[in-house]
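Before anything else, here's the structure in question.
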Amino acid sequence: MAAATSSSAVAVSTPQGVAERRGIPAASFVEDVETYLRQAGLEVNSALAFLQERLQQYKMVEMKLLAQQRELQAKIPDIQKCLDIVATLKAKKALGEALIADFELSEGIYSRAKIEDSDSVCLWLGANVMLEYSCDEANELLKSNLENARASLEVLVGDLHFLRDQQTITQVTIARIFNWDVHQRRSKQSVMKET
């Protein structure tokens with residue numbers, strides 16, 4: 001940090017010129033701390049406080065995204081299981097066979113059912129709503145839901161990677177500003193001791 005830079009030098013840069021991703025602001029990497037503080041009109045403590053607050057915001061967003069990721073990761077196998085059941089029902093109907101199924105009545109209590117020639121299935125839509133669909137309609141709906149869930153999960157994983165990059169950049173920036181401040185204080189102390 002001993003070398004001084006001109007005022008025309010770029011003090012802040014964002015990764016790949018991205019300003020934000022789905023509402024998550026991009027962190028700025030501070031190349032020259034002194035220029036950054038001068039251009040922002042901030043003192044070291046206020047800059048550190050701002051960056052610490054931004055880091056906490058990133059962590060809150062990360063917690064929300066991780067919760068959404070867990071929900072989607074639990075939802076995808078359930079949708080796949082429903083698709084498999086609908087396919088089994090269609091196959092048994094085509095063969096003219098009855099389907100023997102064990103289903104849970106309550107925790108630990110099961111019952112056996114014989115399903116013959118079923119043309120429709122009932123699907124839970126949420127909010128205590130169940131609708132009856134033909135097997136073909138249910139298959140199309142479930143495939144659509146599966147594709148949407150996978151696409152959402154892929155976007156969510158991208159958001160998490162972006163967010164982790166922003167957290168790293170912010171932590172590095174905090175460290176750079178703190179180290180610059182320590183260096184400046186030591187320089188001032190050594191000048192004072194010499195005089």
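This is a predicted model, so every value here is computed, not measured.
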task = Determine the minimum heavy-atom distance between Ala27 and Tyr58, stating which atoms define it.
result =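 So the minimum-distance heavy-atom pair works out to N-OH, 3.4 Å.
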message = Checking Val33 against Val30 for the side-chain contact (heavy atoms from CB on, under 4.5 Å) test, could you report, in this order, the C-alpha distance in whole Å, the side-chain angles of both residues, the deciding distance, and whether it holds?
response = CA-CA 6 Å; Val33 174; Val30 175; 4.0 Å; yes
message = Can you confirm whether Tyr133 is buried at OH, in the sense that more than 12 heavy atoms of other residues, nucleotides or ligands lie under 6.0 Å from that atom?
response = yes
ask   = Which value, rounded to the nearest 0.5 Å, describes the distance between Gln171 atom CD and Arg176 atom CZ?
value = 15.0 Å
Name the atoms and distances for all side-chain donor-acceptor pairs under 3.5 Å in residues 80-99, with sequence neighbours left out.
unit_1 : atom_1 : unit_2 : atom_2 : d
Gln80  : NE2    : Asp84  : OD1    : 3.3
Thr88  : OG1    : Asp84  : O      : 2.8
Lys90  : NZ     : Asp136 : OD1    : 2.9
Lys92  : NZ     : Glu97  : OE1    : 3.1
Lys93  : NZ     : Asp119 : OD1    : 2.2

key: Glu43 backbone acceptor or donor facing Ser46 side chain under 3.5 Å   =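 Judged by distance alone, yes, a pair lies under 3.5 Å.
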query = Salt-bridged, Glu20 to Arg22, with N to O below 4.0 Å?
reply = no
request  = Take Val61 and Gln57 through the test side-chain contact (heavy atoms from CB on, under 4.5 Å) and record every step on the way to the result.
outcome  = CA-CA 6 Å; Val61 171; Gln57 291 170 350; 5.6 Å; no
remark   = Closest non-hydrogen contact found for Leu37 with Ala47 is CD2-CB, 3.6 Å
query = Can you pull the side chain to side chain donor-acceptor pair (under 3.5 Å) pairs that have at least one residue in residues 99-109, sequence neighbours excluded?
reply = Asp102-Arg112
inquiry  = In this structure, would Ile76 and Val155 fall into the same cluster of hydrophobic residues linked by side-chain contacts under 4.5 Å?
reply    = no
request  = Mind listing the closest non-hydrogen atom pair of Phe162 and Ile24 along with its distance?
outcome  = CE2-O, 3.5 Å
query = Do you know the tightest heavy-atom contact between Cys135 and Val121?
reply = SG-CG1, 4.2 Å
Name each donor-acceptor pair under 3.5 Å that joins a side chain in residues 138-151 to protein atoms two or more places apart or in another chain, with its distance.
unit_1 : atom_1 : unit_2 : atom_2 : d
Asn148 : ND2    : Ser144 : O      : 3.3

Verify same cluster id: Phe103, Ile109 (apolar side-chain graph, 4.5 Å) =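 Cluster IDs for Phe103 and Ile109 match.
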task = State the CG-CD distance between Leu123 and Glu137, to the nearest 0.5 angstrom.
result =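 One finds 10.0 Å between CG of Leu123 and CD of Glu137.
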query = Hey, mind stepping through Leu131 and Trp124 against side-chain contact (heavy atoms from CB on, under 4.5 Å) and telling me if it holds?
reply = CA-CA 7 Å; Leu131 287 179; Trp124 283 107; over 6 Å; no
ask   = To the nearest 0.5 Å, what is the distance between CG (Leu55) and OG1 (Thr170)?
value = 6.0 Å
request  = Any chance you could measure Glu71, atom CD, to Leu156, atom CG, to the nearest 0.5 Å?
outcome  =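 Atom-to-atom, Glu71:CD and Leu156:CG are 10.0 Å apart.
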key: Linked, directly or transitively: Leu125 and Leu72 (ILVMFWY side chains, under 4.5 Å)   =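 Result: yes, single cluster for both.
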task = Show the numbers, then the answer: is there a side-chain contact (heavy atoms from CB on, under 4.5 Å) between Val44 and Trp180?
result = CA-CA 9 Å; Val44 172; Trp180 178 84; 3.7 Å; yes
key: Atom pair NZ/CD of Lys193 and Gln189 - distance to nearest 0.5 Å   =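 Atom-to-atom, Lys193:NZ and Gln189:CD are 6.0 Å apart.
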key: Shortest non-hydrogen contact from Ile100 toward Lys114   = CD1-CG, 3.7 Å
message = Looking at Met130, I'd like to know if its CE atom is crowded, meaning that more than 12 non-hydrogen atoms belonging to other residues, nucleotides or ligands lie closer than 6.0 Å.
response =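 Buried by this count: over 12 neighbours within 6.0 Å.
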task = First locate atom CD of Gln69, then atom CD of Glu62, and finally report the distance between them rounded to the nearest 0.5 Å.
result =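 Atom-to-atom, Gln69:CD and Glu62:CD are 10.0 Å apart.
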ask   = Which atom pair, heavy atoms only, marks the closest approach of Phe29 to Thr173?
value = CA-OG1, 4.0 Å
